[in-house]
S.K.: 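Can you read through this structure? Questions will come right after.
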2 protein chains.
Amino acid sequence: MAHGGKPRPMKGIRQLAEHLDISIGTVSRALNGKPDVNEETRKRVLAAAEQLGYVANQSGRSLRQGTTNVIGLMIQSSRETVENSDNFFLTVTGGLQSVFSRHNLDLIMLPCPHDEDPYEYLKRMVARRIADAMIISETQRVDKRFDLLAKAKIPFAALGRSLSGAQHPWADLDFDGVVNCAVDRLVAHGHRRIAISAPASEINLGFVFVDGYRHALERHGIPYDPALVIRAKSSEQGGYQVGDELLRLESRPTAVILIYELMAIGLYRRVMEAGIIPGQDIAVVSFREAPRAKFLQPALTCFRTSLHDLGVELAEILLSSMPAYSEEYPRTSRQSVWPLELIPGESDAFQLRPAK
Amino acid sequence: MAHGGKPRPMKGIRQLAEHLDISIGTVSRALNGKPDVNEETRKRVLAAAEQLGYVANQSGRSLRQGTTNVIGLMIQSSRETVENSDNFFLTVTGGLQSVFSRHNLDLIMLPCPHDEDPYEYLKRMVARRIADAMIISETQRVDKRFDLLAKAKIPFAALGRSLSGAQHPWADLDFDGVVNCAVDRLVAHGHRRIAISAPASEINLGFVFVDGYRHALERHGIPYDPALVIRAKSSEQGGYQVGDELLRLESRPTAVILIYELMAIGLYRRVMEAGIIPGQDIAVVSFREAPRAKFLQPALTCFRTSLHDLGVELAEILLSSMPAYSEEYPRTSRQSVWPLELIPGESDAFQLRPAK
DNA sequence: ACGCGCTCCGTAAACGTTTACGATACTATG
DNA sequence: CATAGTATCGTAAACGTTTACGGAGCGCGT
């Protein structure tokens with residue numbers, strides 16, 4: 001019988017067992033839904049735990065069963081990211097959690113400090129066994145983190161495709177599709193000289209984007225001109241810089257593909273300073289709609305997708321490669337390119353005059 | 001002697017001890033910098049640990065000493081946040097980490113899912129003892145989380161001031177100062193009818209901002225008109241909406257104070273659609289410079305601060321309220337208002353004609 | 001009466017650390 | 001030489017769980 005104890009915080013499963021006059025083994029089994037426990041006593045245990053606010057100590061639990069029920073999402077708060085990701089991660093995180101929460105898995109974000117090597121940071125986190133599985137982002141062209149995780153035998157998936165080594169699980173946006181669609185569209189409007197902006201080529205994204213661009217051009221029999229590839233930051237500032245570079249080119253392109261919509265703000269500004277009007281003198285198409293640039297004039301033609309759903313996809317890919325959940329998420333492939341939808345605007349709506 | 005073992009991953013401190021032919025107690029003491037261990041053996045232990053890649057299992061450690069060496073930063077990825085915080089958190093996080101890392105404390109971000117009650121989420125995290133201390137953000141006017149943390153006796157600090165209950169530790173931006181400065185400036189330019197935008201008043205920020213605004217007006221003998229307080233989201237969209245509301249007012253304000261710089265993009269757009277030119281027909285001043293709006297025309301008068309340094313301040317406040325670190329961070333006050341710097345632009349640079 | 005299977009529960013051993021305590025060897029002191 | 005003090009280390013007990021194992025009670029068929 002309860003000896004008048006008020007619901008003060010529990011000290012452990014032992015107290016809860018004493019309170020109920022049963023053994024701690026039974027209490028544990030009752031709480032964890034094990035089969036060999038009377039339904040009657042299970043109810044009593046659950047009720048008492050609820051009332052006394054008992055929650056199993058995570059350290060004890062993980063120590064015993066070697067599992068933390070936590071998924072880690074590593075992000076680099078690099079200057080680049082901080083400036084351009086405009087809550088990319090928070091949005092994807094929502095999708096991830098909607099899946100993980102079904103399995104009582106908690107997601108934590110692990111922000112790697114600016115001044116620490118991402119590899120060392122991840123190594124530390126892995127060694128501490130802070131999470132059962134890891135999601136890494138902002139993958140580099142060659143990224144040692146893949147080997148680290150593989151060697152440590154910890155399940156993982158990448159947000160952003162991997163080119164390094166084996167067939168690691170990842171989900172990524174369909175850069176190829178976007179670039180293909182953009183080039184097709186521009187060519188159909190009469191453009192032949194099409195510039196493109198991309199981040200540094202060590203970053204996977206920077207490589208893949210330009211690669212797709214080159215192939216798309218080839219399909220149309222347009223020669224690839226490296227001078228038209230402009231490396232810039234994915235920010236308004238970067239867009240301004242892209243504008244600068246465009247104006248500096250001897251034979252100015254008639255169209256430009258941006259990798260990040262915010263850049264359009266800076267680009268518009270720069271070219272308009274030079275008396276060039278977007279959507280009239282130069283066509284602009286951009287990847288990945290940010291809600292930011294909605295107010296641009298003329299309206300920007302861009303590609304949109306649900307980052308939330310991308311998170312869902314990535315979560316399922318990760319779970320499918322975790323032994324404890326793999327049978328629940330059977331997959332034929334653990335790589336996924338996520339489609340985007342074209343949002344036509346006015347910024348590329350004009351037909352180029354055939355006259356040079 | 002090492003019996004030819006290649007540096008494969010360690011299984012525990014026991015193996016490391018066997019490898020070195022000393023007891024696990026000594027190994028533990030050596031690794032943790034305890035005094036009663038020979039400097040010679042300490043070196044050997046450290047070297048072996050480094051070579052074999054041994055890192056103490058966090059679960060075992062926390063179980064024993066009841067501490068995790070982790071600080072949790074809870075964020076709500078609410079729609080509001082996702083849309084407007086533009087990496088506010090990631091930037092502050094950098095400052096937090098720069099302090100925590102000096103004490104081998106790791107920061108993890110705990111994103112509360114949209115569909116979960118923040119209070120319940122925090123309760124779960126606290127019960128799991130996932131972190132030694134907590135930082136909460138986006139505090140509400142009355143926020144039960146403060147009581148929860150206080151009752152659980154877990155050290156915490158808030159990013160955003162608290163109005164609920166006792167004197168909890170927090171750091172926050174100096175909204176009062178900003179609003180005062182903005183109103184002073186506008187009044188000096190001849191404005192008397194000044195509108196302001198703010199988020200919903202349940203959010204502390206929404207309340208504090210408007211409160212400061214009212215007091216500033218009173219100082220100048222200008223009556224407070226509730227109709228001039230426009231509640232809107234802190235996004236371009238919200239700015240557009242603010243423009244709408246302004247145009248709808250019978251006696252149109254000659255100036256407006258925005259709470260978030262991005263809103264200016266939408267606001268500019270809306271009022272210009274109505275033929276009203278910012279910085280000429282209406283004065284605009286905004287709080288908290290986002291790097292986003294740098295390209296606005298006319299340049300926006302706004303207030304800037306270092307969110308990184310705000311993070312540093314917040315970290316020190318938190319540590320000062322943790323018994324293990326308090327002597328290292330002595331403070332007279334655990335509440336801190338963080339100053340901002342005025343960045344004059346052209347958007348409020350005109351003198352209002354005295355004629356009505 | 002006996003054995004068997006089933007349901008339910010208690011016991012105790014792990015999991016990997018840290019740390020209080022005691023043991024040992026050595027040095028200094030009388 | 002005896003003793004006290006110091007430096008260094010080993011031993012074992014915790015920390016809070018989960019879970020393999022076995023035991024008690026019961027019903028049932030032979």
Side-chain angles (χ1 to χ4, degrees), chain A residues 9-46 48-49 52-70 104 124 126-132 152 324, chain B residues 9-46 48-49 52-70 104 124 126-132 152 324:
Chain A
M10 279 277 88
K11 281 212 44 179
I13 199 175
R14 213 162 320 244
Q15 286 205 4
L16 184 56
E18 285 179 14
H19 178 86
L20 288 164
D21 252 335
I22 48 182
S23 79
I24 63 172
T26 305
V27 173
S28 175
R29 278 189 294 265
L31 291 174
N32 292 27
K34 293 300 162 72
D36 53 348
V37 50
N38 193 330
E39 273 313 312
E40 179 60 29
T41 54
R42 187 194 301 280
K43 270 183 203 152
R44 276 180 56 217
V45 172
L46 288 177
L52 300 182
Y54 168 81
V55 178
N57 178 300
Q58 187 58 36
S59 303
R61 162 176 286 191
S62 347
L63 180 57
R64 171 59 218 240
Q65 48 184 26
T67 190
T68 64
N69 281 358
V70 167
N104 276 81
R124 228 175 65 226
V126 167
R128 288 182 65 164
R129 284 172 183 71
I130 203 175
D132 294 338
Chain B
M10 278 277 87
K11 281 215 42 181
I13 200 177
R14 212 162 319 244
Q15 285 206 4
L16 183 57
E18 284 180 15
H19 178 88
L20 287 165
D21 253 336
I22 49 183
S23 79
I24 63 171
T26 305
V27 173
S28 174
R29 278 189 294 266
L31 291 174
N32 292 25
K34 292 300 163 71
D36 54 347
V37 50
N38 192 331
E39 272 312 315
E40 178 60 31
T41 54
R42 186 194 303 279
K43 270 182 204 152
R44 276 180 57 219
V45 172
L46 289 177
L52 300 182
Y54 169 80
V55 178
N57 178 300
Q58 187 58 35
S59 302
R61 162 176 285 189
S62 4
L63 180 57
R64 172 57 217 242
Q65 48 185 23
T67 189
T68 63
N69 281 358
V70 166
N104 275 82
R124 229 175 64 226
V126 167
R128 288 182 65 164
R129 282 171 183 74
I130 202 175
D132 294 338

S.K.: Pair B:Thr26, B:Leu20 - check side-chain contact (heavy atoms from CB on, under 4.5 Å), show working.
M.R.: CA-CA 10 Å; B:Thr26 305; B:Leu20 287 165; over 6 Å; no

S.K.: Expressed as a whole number of angstroms, how long is the span from A:Arg14:CZ to D:dT18:P?
M.R.: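 Interatomic distance, CZ of A:Arg14 to P of D:dT18: 12 Å.
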
S.K.: Could you check A:Leu46 against A:Leu31 for side-chain contact (heavy atoms from CB on, under 4.5 Å), going step by step and ending with a plain yes or no?
M.R.: CA-CA 7 Å; A:Leu46 288 177; A:Leu31 291 174; 3.7 Å; yes

S.K.: When the distance from CG of B:Leu63 to P of C:dT18 is rounded to whole Å, what number comes out?
M.R.: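 Between P of C:dT18 and CG of B:Leu63: 11 Å.
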
S.K.: Could you tell me whether B:Thr41 contacts a base, only the sugar-phosphate backbone, or nothing, with contacts defined as non-hydrogen atoms closer than 4.0 Å?
M.R.: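 It contacts sugar-phosphate atoms only.
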
S.K.: Mind calculating the distance between CD1 (B:Ile24) and C1' (D:dC9) to the nearest angstrom?
M.R.: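 It is 13 Å, rounded to the nearest whole Å.
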
S.K.: Tell me the closest heavy-atom pair linking B:Arg42 and B:Arg29, and the distance in Å.
M.R.: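 Between these two residues, the closest heavy atoms are NH1-O, 3.8 Å.
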
S.K.: Less than 4.0 angstrom between a side-chain N/O of A:Tyr54 and OP1 or OP2 of D:dT17, yes or no?
M.R.: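 Yes.
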
S.K.: What does B:Asn38 touch in the nucleic acid at a heavy-atom separation under 4.0 angstrom: a base, only the sugar-phosphate, or nothing?
M.R.: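 Since only primed, P, OP1 and OP2 atoms lie under 4.0 Å of B:Asn38, the category is sugar-phosphate.
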
S.K.: Looking only at side-chain atoms of B:Val37, point me to the closest of C:dC15, D:dC9, C:dT18.
M.R.: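 The closest nucleotide is D:dC9.
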
S.K.: Does a side-chain N or O from B:Asn57 land closer than 4.0 Å to OP1 or OP2 of C:dC15, or not?
M.R.: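 So the side-chain polar atoms of B:Asn57 never come under 4.0 Å of the phosphate oxygens OP1 or OP2 of C:dC15.
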
S.K.: Expressed in angstrom and rounded to an integer, what is the separation of B:Arg64 atom CZ from D:dA13 atom C1'?
M.R.: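 B:Arg64 atom CZ is separated from D:dA13 atom C1' by 8 Å.
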
S.K.: For a quick test of reading the model, state the closest non-hydrogen atom pair linking B:Leu63 to A:Ser59 and the distance between them.
M.R.: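 In terms of heavy atoms, the two residues are closest at N-CB, 3.8 Å.
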
S.K.: Quick one: which of C:dG10, C:dT17, D:dT17 gets closest to the side chain of A:Ile22?
M.R.: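 Side chain of A:Ile22 sits closest to C:dG10.
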
S.K.: A side-chain contact here means heavy atoms from C-beta on lying under 4.5 Å apart; do B:Arg128 and A:Asn69 qualify?
M.R.: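 Yes; the side chains approach each other to less than 4.5 Å.
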
S.K.: A:Asp36 or B:Gln65: which one's nearest nucleotide on DNA chain C is closer to the 5' end?
M.R.: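 By nearest-heavy-atom nucleotide position, the 5'-most residue is A:Asp36.
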
S.K.: Hey, does the side chain of B:Lys34 come within less than 4.0 Å of C:dT19's phosphate (OP1/OP2), counting only N and O?
M.R.: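 Yes, B:Lys34 has a side-chain N/O under 4.0 Å of OP1/OP2 on C:dT19.
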
S.K.: Rounding to an integer number of Å, can you tell me how far B:Gln15 CD sits from C:dT17 C1'?
M.R.: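 It is 15 Å, rounded to the nearest whole Å.
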
S.K.: Rounded to whole Å, how long is the line connecting atom CG of A:Asn69 with atom P of D:dG16?
M.R.: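 Atom CG in A:Asn69 sits about 20 Å away from atom P in D:dG16.
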
S.K.: Does A:Arg61 make a side-chain N or O approach to OP1 or OP2 of D:dT18 shorter than 4.0 Å?
M.R.: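 Result: yes.
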
S.K.: Find the distance A:Gln58:CD to D:dC15:P and express it as a whole number of Å.
M.R.: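 One finds 19 Å between P of D:dC15 and CD of A:Gln58, rounded.
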
S.K.: Choose from D:dC15, D:dT19, D:dT8 the nucleotide whose nearest atom is closest to any side-chain atom of A:Arg29.
M.R.: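 For A:Arg29, the side-chain atoms sit closest to D:dT19.
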
S.K.: Could you check how far CD1 of A:Ile13 sits from P of D:dA14, rounded to whole Å?
M.R.: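 Roughly 19 Å, once rounded to whole Å.
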
S.K.: Reading DNA chain D from 5' onward, which residue's closest nucleotide shows up sooner: B:Thr26 or A:Gly25?
M.R.: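 In this pair, the answer is B:Thr26.
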
